[in-house]
Amino acid sequence: MVGRELVALLERRRFPVGELAPFSSGRGRAAVSFRGRRIAAPAVDPRALADCDLVFLVSSDAVARAHGPRLAARGVWVIDDSSAFRLDPRTPLVIPEVNAAALRPDRRLIAGPNCTMTGLGVAGALLHRAVGVREVRLASYQAVSGAGKAALGELFAQSRALARTALLADGRAPTLPGGKAQVLPRAIAFNAVPQVGSFLPDGESGEEKKVAAELRKIWGAPSLRVSATAVRVPTIRGHALAAWLTLARRVPLSRAEALLARTPGLRLSRRGGYPTPREAGGKDPVFAGRLRRGAGPRELALWIVSDNLLKGAALNSAQIAEELLRRRWLGPR
Ligand SMILES: NC(=O)c1ccc[n+]([C@@H]2O[C@H](COP(=O)([O-])OP(=O)(O)OC[C@H]3O[C@@H](n4cnc5c(N)ncnc54)[C@H](OP(=O)(O)O)[C@@H]3O)[C@@H](O)[C@H]2O)c1
């Protein structure tokens with residue numbers, strides 16, 4: 001899902017691609033369309049990867065581990081969307097609007113962040129810099145495409161099957177059985193599943209841990225307190241977050257709104273307006289709305305939505321590559 005978005009973005013943003021070499025697992029007959037041509041995507045050829053100036057890894061942690069460090073050591077720029085290296089202290093974890101300063105010419109393996117924290121990472125960045133964010137509490141409402149194409153197939157199959165049967169029975173709302181799932185942990189159609197990733201011994205899910213650790217790294221805020229509940233919902237694309245930010249000091253709501261309004265990469269709806277995943281899907285910016293006071297005097301509440309496949313993955317990676325070009329670090333070797 002991310003790879004196809006990325007190829008489309010490179011074309012739309014006129015990234016100076018001399019030659020595009022797409023790869024896949026090799027299990028099917030994959031191909032991508034680029035500049036009006038259909039290009040076959042065979043199984044990965046490590047030698048062909050090593051000939052590239054820039055490699056985007058949009059596959060899995062295992063594939064990233066197998067190729068990322070080796071390519072970077074040979075001087076290839078590698079931008080990885082998996083979670084394999086995000087928390088590695090030697091690997092820059094970058095959202096260009098927030099921490100492009102973390103890029104270094106000698107660190108050729110670069111990680112893009114988890115798609116759930118990207119929206120918050122962008123939305124809260126200027127507030128954090130200007131005032132200081134001490135604590136974040138959030139609940140996520142995550143789209144199924146965040147779990148890849150097999151999960152999306154599962155949502156569509158379950159929805160089709162249920163749409164035939166789940167009509168109002170006698171005017172009463174039907175109850176649905178839990179239902180079997182293969183890709184996601186529970187049936188996702190017409191449901192909400194508070195498990196994204198596997199659970200760790202302390203009861204947190206892998207996703208909840210990633211959101212906290214990656215946000216601290218991207219904001220350079222090692223003591224930031226984060227508590228999160230990550231929930232998968234049956235939306236297609238666009239992760240939504242209900243977030244509560246406790247600031248270092250009380251600021252007028254108008255000041256917080258002014259800071260959010262000029263936060264790079266963020267589009268703020270004012271006066272109670274808000275984005276939804278369907279409105280934000282397919283769009284580049286992070287969207288936010290429903291800014292209001294939280295429970296404590298220093299707490300703000302905010303609703304945030306961003307396209308997990310775009311700013312949460314492919315667009316962020318394309319923007320990192322553009323930043324490398326701007327700095328003249330990336331070019332034909
Ligand atoms: N989906 C999101 O919203 C999102 C957001 C941020 C980060 N990410 C990360 O981005 C990466 C891709 O996610 P996705 O959602 O695009 O997954 P996906 O739709 O399941 O696609 C995975 C891709 O990896 C390829 N692949 C699998 N095994 C491979 C192998 N051994 N060698 C080469 N290619 C292989 C698959 O090829 P075939 O086509 O042959 O199956 C497919 O093209 C993951 O690391 C994910 O964590 C995803």
Side-chain angles (χ1 to χ4, degrees), residues 1-9 21-33 39-46 48-49 52 55-68 70-71 78-87 91 93-95 109-122 140-156 182-184 188 196-198 205-207 209-211 214 218 230 232-233 235-241 277 280-282 286 305-320:
M1 310 226 75
V2 177
R4 285 181 194 282
E5 296 292 334
L6 182 64
V7 169
L9 276 171
F23 296 101
S24 72
S25 71
R27 284 188 290 265
R29 275 204 272 155
V32 298
S33 301
I39 310 175
V44 174
D45 172 354
L49 285 184
C52 294
V55 169
F56 293 101
L57 292 173
V58 282
S59 180
S60 64
D61 286 14
V63 169
R65 287 204 182 90
H67 299 288
R70 182 184 60 87
L71 291 167
V78 180
I79 303 176
D80 175 30
D81 272 314
S82 84
S83 59
F85 299 103
R86 289 177 189 152
L87 298 178
T91 304
L93 174 65
V94 175
I95 299 178
L109 172 58
I110 302 161
N114 173 283
C115 46
T116 308
M117 71 75 68
T118 313
L120 178 61
V122 169
S140 69
Y141 306 77
Q142 297 183 218
V144 174
S145 62
K149 64 184 173 189
L152 203 53
E154 190 163 88
L155 168 66
F156 291 148
Q182 263 138 34
V183 184
L184 295 171
I188 186 64
V196 181
S198 40
S205 69
E207 186 83 345
K209 279 266 185 288
K210 281 185 217 170
V211 165
E214 293 181 24
I218 292 229
R232 186 79 65 192
V233 295
T235 52
I236 295 174
R237 56 194 292 170
H239 286 353
L241 298 175
V286 172
V305 186
S306 62
D307 188 311
N308 51 295
L309 296 171
L310 291 178
K311 188 59 194 165
L315 173 64
N316 195 68
S317 292
Q319 289 169 324
I320 292 173

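Indexing begins at 1, ligand by ligand and atom by atom, following the structure's order.
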Asks: Could you walk me through whether Tyr141 and Thr235 pass the side chain to side chain contact (heavy atoms under 4.5 Å, CB included) test, one step at a time?
Replies: CA-CA 8 Å; Tyr141 306 77; Thr235 52; over 6 Å; no
Asks: Is there a heavy atom of Gly28 sitting under 4.0 angstrom from any atom of ligand 1?
Replies: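 Gly28: no contact with ligand 1 (<4.0 Å).
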Asks: Around atom 40 (O) of ligand 1, find the nearest protein heavy atom and jot down its residue, atom name and distance.
Replies: Ser25 OG, 2.6 Å
Asks: Give me the residue, atom name and distance of the protein heavy atom closest to atom 25 (C) of ligand 1.
Replies: Ser59 OG, 3.5 Å
Asks: Can you report which non-hydrogen protein atom sits closest to atom 3 (O) of ligand 1, along with the distance?
Replies: Asn308 ND2, 2.9 Å
Asks: Under 3.5 Å, is there a donor-acceptor pair between the side chain of Glu214 and the main chain of Leu87?
Replies: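 Not confirmed, Glu214 side chain does not pair with Leu87 backbone.
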Asks: Might you work through the side chain to side chain contact (heavy atoms under 4.5 Å, CB included) test for Glu5 and Arg237, ending with a clear yes or no?
Replies: CA-CA 12 Å; Glu5 296 292 334; Arg237 56 194 292 170; 2.9 Å; yes
Asks: I'd like to check which ligand 1 atoms, numbered from 1 as shown, lie under 4.0 Å from a non-hydrogen atom of Leu309.
Replies: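 Numbered from 1, ligand 1 contributes 1 (N), 2 (C), 3 (O).
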Asks: Using the rule side-chain contact (heavy atoms from CB on, under 4.5 Å), only one of Thr91, Leu57, Ile110 pairs with Phe85; which is it?
Replies: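 Of Thr91, Leu57, Ile110, side-chain contact (heavy atoms from CB on, under 4.5 Å) with Phe85 is met by Thr91 alone.
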Asks: Provide, to 0.1 Å, the distance between atom 20 (O) of ligand 1 and the closest protein heavy atom, together with that atom's residue and name.
Replies: Lys149 N, 3.8 Å
Asks: Around atom 6 (C) of ligand 1, find the nearest protein heavy atom and jot down its residue, atom name and distance.
Replies: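 The answer is Gly312 O, 3.2 Å.
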Asks: Measuring from Arg86:CZ to Asp81:CG, what's the distance to the nearest 0.5 Å?
Replies: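 The CG atom of Asp81 is 7.5 Å from CZ of Arg86, to the nearest 0.5 Å.
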Asks: I'd like to check which ligand 1 atoms, numbered from 1 as shown, lie under 4.0 Å from a non-hydrogen atom of Cys115.
Replies: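 Those atoms are 3 (O), 5 (C), 6 (C).
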Asks: Between Ser145 and ligand 1, which part of the residue brings a heavy atom under 4.0 Å of the ligand: side chain, backbone, both or neither?
Replies: backbone
Asks: Would you mind finding which of Val63, Leu6, Thr116 brings a heavy atom closest to atom 30 (C) of ligand 1?
Replies: Val63
Asks: Donor-acceptor check, side chain of His239 to backbone of Ser306, threshold 3.5 angstrom: yes or no?
Replies: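 Side chain of His239 to backbone of Ser306, a donor-acceptor pair under 3.5 Å: no, none is there.
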Asks: Could you tell me, atom by atom, which parts of ligand 1 come under 4.0 Å of a heavy atom of Ser82?
Replies: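 Answer, ordered by atom number: 45 (O).
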Asks: Among Arg4, Arg29, Met1, whose heavy atom sits nearest atom 21 (O) of ligand 1?
Replies: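 Among Arg4, Arg29, Met1, the closest heavy atom to atom 21 (O) of ligand 1 belongs to Met1.
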Asks: With no hydrogens and no angle check, is any side-chain donor or acceptor of Ser82 less than 3.5 Å from a backbone partner on Ala64?
Replies: no
Asks: Give a yes or no answer on whether the side chain of Arg4 reaches the backbone of Ser33 with a donor-acceptor pair at less than 3.5 Å.
Replies: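 Flag not set: sc Arg4 to bb Ser33 has no pair under 3.5 Å.
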Asks: Got the closest protein heavy atom to atom 23 (C) of ligand 1, with its distance?
Replies: Val58 O, 3.8 Å
Asks: Test of understanding: given a 4.0 Å heavy-atom threshold, classify the contact between Val2 and ligand 1 as side chain, backbone, both, or neither.
Replies: both
Asks: Of the protein's non-hydrogen atoms, which lies at the shortest distance from atom 10 (O) of ligand 1, and what is that distance?
Replies: Asp81 CB, 3.7 Å
Asks: What atoms in ligand 1 come closer than 4.0 Å to a heavy atom of Val44?
Replies: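 In order of numbering, the contacting atoms are 32 (N), 33 (C).
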Asks: Less than 3.5 Å apart, any donor N or O on the side chain of Gln142 or Ser140 sitting next to an acceptor on the other?
Replies: yes
Asks: Answer with yes or no whether the side chains of Asn114 and Ser83 bring together a donor and an acceptor at under 3.5 Å.
Replies: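 There is no such pair between these side chains.
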Asks: Nearest to atom 33 (C) of ligand 1, what protein heavy atom do you find, and at what distance?
Replies: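 Ranking protein heavy atoms by distance from atom 33 (C) of ligand 1, first comes Ser24 O, 3.2 Å.
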Asks: Take Leu241 and Thr116 through the test side chain to side chain contact (heavy atoms under 4.5 Å, CB included) and record every step on the way to the result.
Replies: CA-CA 8 Å; Leu241 298 175; Thr116 308; 3.8 Å; yes
Asks: Of Gly148, Ala30, Ala147, which has the heavy atom at the shortest distance from atom 17 (O) of ligand 1?
Replies: Gly148
